[in-house]
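See below for the structure under consideration.
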Amino acid sequence: MSTVRTRFAPSPTGYMHIGGMRTALFNWLWARHNGGQFILRIDDTDQERNIAAALDPILQAFKWLDLNWDEGPEVDGDFGPYFQSERNDLYRATVDKLLAEGKAYYCYDTPEQIQADREAAQSEKRNYLNIRRSLELTESEKEQYAAEGRAAVVRLLVPRDQKIQIDDAVRGHVEFDAGLMPDPVILRANGTPLYNLATVVDDAQMQITHVIRAEEHLSNTPVQVLIYQALGYDLPQFAHIPFVAAPGGKEKLSKRKLDKYRKSPQFKKMFDKADAVFPRIGLENAEGLDPVMVEYYEKIGYLPEAILNALARLGWSLDDKTEIMSLDTIVENFTLDRVVKAAAGLDPDKLLSFQAHWMNQLSLDQKVEMCSPFLVKAGLVEDAADEATNQKIGQVITGMEDRLKIASDILDFDEFFIADDKLEYDSKAFKKRIRKSDDAVPLLGKIKDQLAAADDFSADALDKLLHDFVEAEGIGMGQIIHALRVSVSGKATGIGMFDCLSILGKESCVRRIDRAMALAQSDEN
Ligand code: GLU
């Protein structure tokens, strides 16, 4: 059997769609599973904008997920160029060949004529097919049209007596009646090729064995099959995979629906997280990042392992129970017959649970490495943090336990990195736990003195100190612990109290309690 060669052919749009990434992943997986090649080809025939800028986020998404391509931009290969905009001669030569063999024809019909033909078909309740009047033109008539500058497109001459049969690896056997198909345009009047022509020319010339793509292209496939046949090429194996749907699984996940997603209960958390994180890390144009884009997940602190795991599970399964899979496991087990036909909905909660799992697999050092850039970008720690700061980041992460899911979650614990005089108090918590409590301020004063005198500031020692304190005062732990937490962290909740005090250290704790007491006695807040 020939080597498996798959391809992903994105049109540069300036971002990588998460659903497109899933299609790319399936192609990559099938190539890797078979020890074959994965090709990245850029569908930029309709491109007017700056290709490099529009392509960059797409390549970056592949690099972030570490999905390498064997041929394509930056790496080249034996079947290039890999940009369709550079392959025009090939398309032109193919069209000339089809014209010479009578398998395609110049069509001089004006849009008005075609419109009239369509309306006639409609009123006679028959299927519209091209009248093909251009085939009857004499040479001199054609010359006259050319002299008049009348535009001519090239159409494929559909063999109307055929049934087109496709054995799709996902959809199964699909048939189309060529007798119902209008002659498709394959070359525009300006000499540029249409998608169906360029795709077939490239897939054939690049020796693609498996065309794995979104199901919306199934309707293009009969035209492509006819082009393959007209050119005498073997068909590749087609596999049309279901689209990635919005949560709920009914409609295709789309950037055009962002306003709706923003309000949906499933997506809302993702948008809220973006609103909370991106401005803090000084990300330019943060409002341009949304959960439909792969870049969102990279920038907000997801792990490639989690995204790959989640994308693989969108429409493919290893068996009926396994959810957590490493990329190696997926590569090993990936087959097209386990791709489902029904659309799979992107589920933000499930994605987060994959992320939580993979985050949990990291060593403490790796977690520190993941989280530190967020603290640096938020201006909470120095770029090359000193040993003590790194250690503190590690302690906070340990204290966060499973509250660390996405790397940017560390920003919810900024109280450990902020200067004592910059700590902000959550006004609701401050009011409830300190201002409105009769004994909070005197108790805070007493505990502060004890903390200031403590020799041992380890979590264990502080645990004992606080228990001794409440016993001596004859109060419950609840009477001091909430006020203490709000004083030193500014917040109502956080990591374990003794760990929190220990990480902050004696000086910070004392200074922060002083500040809270002063604030409670002033009129502000
Ligand atoms: N550029 C096309 C797309 O992004 C490629 C379709 C195909 O894989 O044939 O939809």
Side-chain angles (χ1 to χ4, degrees), residues 4-31 37-49 51 54-59 61-62 67 69 71-73 79 81-88 90-91 94 164 166 168-171 174 184 186 188 192-228 231 233 235-245 252-256 292-294 311 315 336 339 343:
V4 166
R5 287 171 61 83
T6 64
R7 75 348 179 238
F8 180 63
S11 308
T13 48
Y15 70 97
M16 186 70 218
H17 192 292
I18 190 89
M21 199 75 236
R22 197 277 312 252
T23 302
L25 174 65
F26 281 19
N27 277 282
W28 184 92
L29 286 167
W30 186 237
Q37 283 117 37
F38 171 66
I39 290 115
L40 202 53
R41 182 177 74 223
I42 309 307
D43 258 9
D44 58 348
T45 46
D46 300 330
Q47 220 67 32
E48 273 159 33
R49 62 175 115 194
I51 300 289
L55 182 59
D56 211 50
I58 295 176
L59 300 185
F62 278 84
L67 298 178
W69 57 100
E71 298 168 30
F79 300 85
Y82 293 91
F83 288 82
Q84 288 195 328
S85 59
E86 294 169 23
R87 298 172 64 84
N88 232 17
L90 211 61
Y91 307 135
T94 308
I164 302 165
I166 299 164
D168 191 274
V170 177
R171 321 285 322 175
V174 195
I186 54 175
R188 295 186 188 90
T192 57
L194 271 290
Y195 157 75
N196 280 324
L197 179 89
T199 296
V200 172
V201 169
D202 292 346
D203 286 342
Q205 187 264 341
M206 294 180 181
Q207 298 179 13
I208 300 303
T209 58
H210 295 77
V211 170
I212 304 169
R213 62 185 168 202
E215 67 182 352
E216 67 211 44
H217 288 292
L218 186 62
S219 58
N220 289 316
T221 308
V223 174
Q224 294 184 17
V225 168
L226 289 177
I227 299 174
Y228 273 101
L231 292 168
Y233 297 143
L235 294 183
Q237 172 69 60
F238 291 103
H240 286 92
I241 62 178
F243 58 74
V244 171
K252 190 177 160 188
L253 188 67
S254 160
K255 244 182 172 324
R256 282 191 299 270
V292 174
M293 304 154 80
V294 176
L311 289 183
L336 294 172
V339 175

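Just follow the structure's listing: the first ligand is 1, and inside any ligand the first atom is 1.
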For the pair Phe8 and Phe62, name the ring-plane relationship: parallel under 30°, tilted 30 to 60°, perpendicular over 60°. tilted
Can you list the residues that meet the side-chain contact (heavy atoms from CB on, under 4.5 Å) rule with Thr6, with sequence neighbours excluded? Val4, Asn27, Trp30, Ala31, Phe38, His210, Ile212
Who passes side chain to side chain donor-acceptor pair (under 3.5 Å) against Glu216, sequence neighbours left out? Lys252
Can a side-chain donor-acceptor contact be found between Asp202 and Tyr82 if the only test is distance below 3.5 angstrom? no
Can a cation-pi geometry be assigned to Arg87 and Phe83, taking NZ or CZ under 6.0 Å from the six-membered ring centre and within 45° of the ring axis? no
For Arg213, side chain to side chain donor-acceptor pair (under 3.5 Å) partners two or more places apart: Tyr195, Thr221, Gln224, His240
Distance filter under 4.0 Å, heavy atoms only, around ligand 1 gives Arg7, Ala9, Ser11, Asp43, Tyr195, Thr199, Arg213, His217
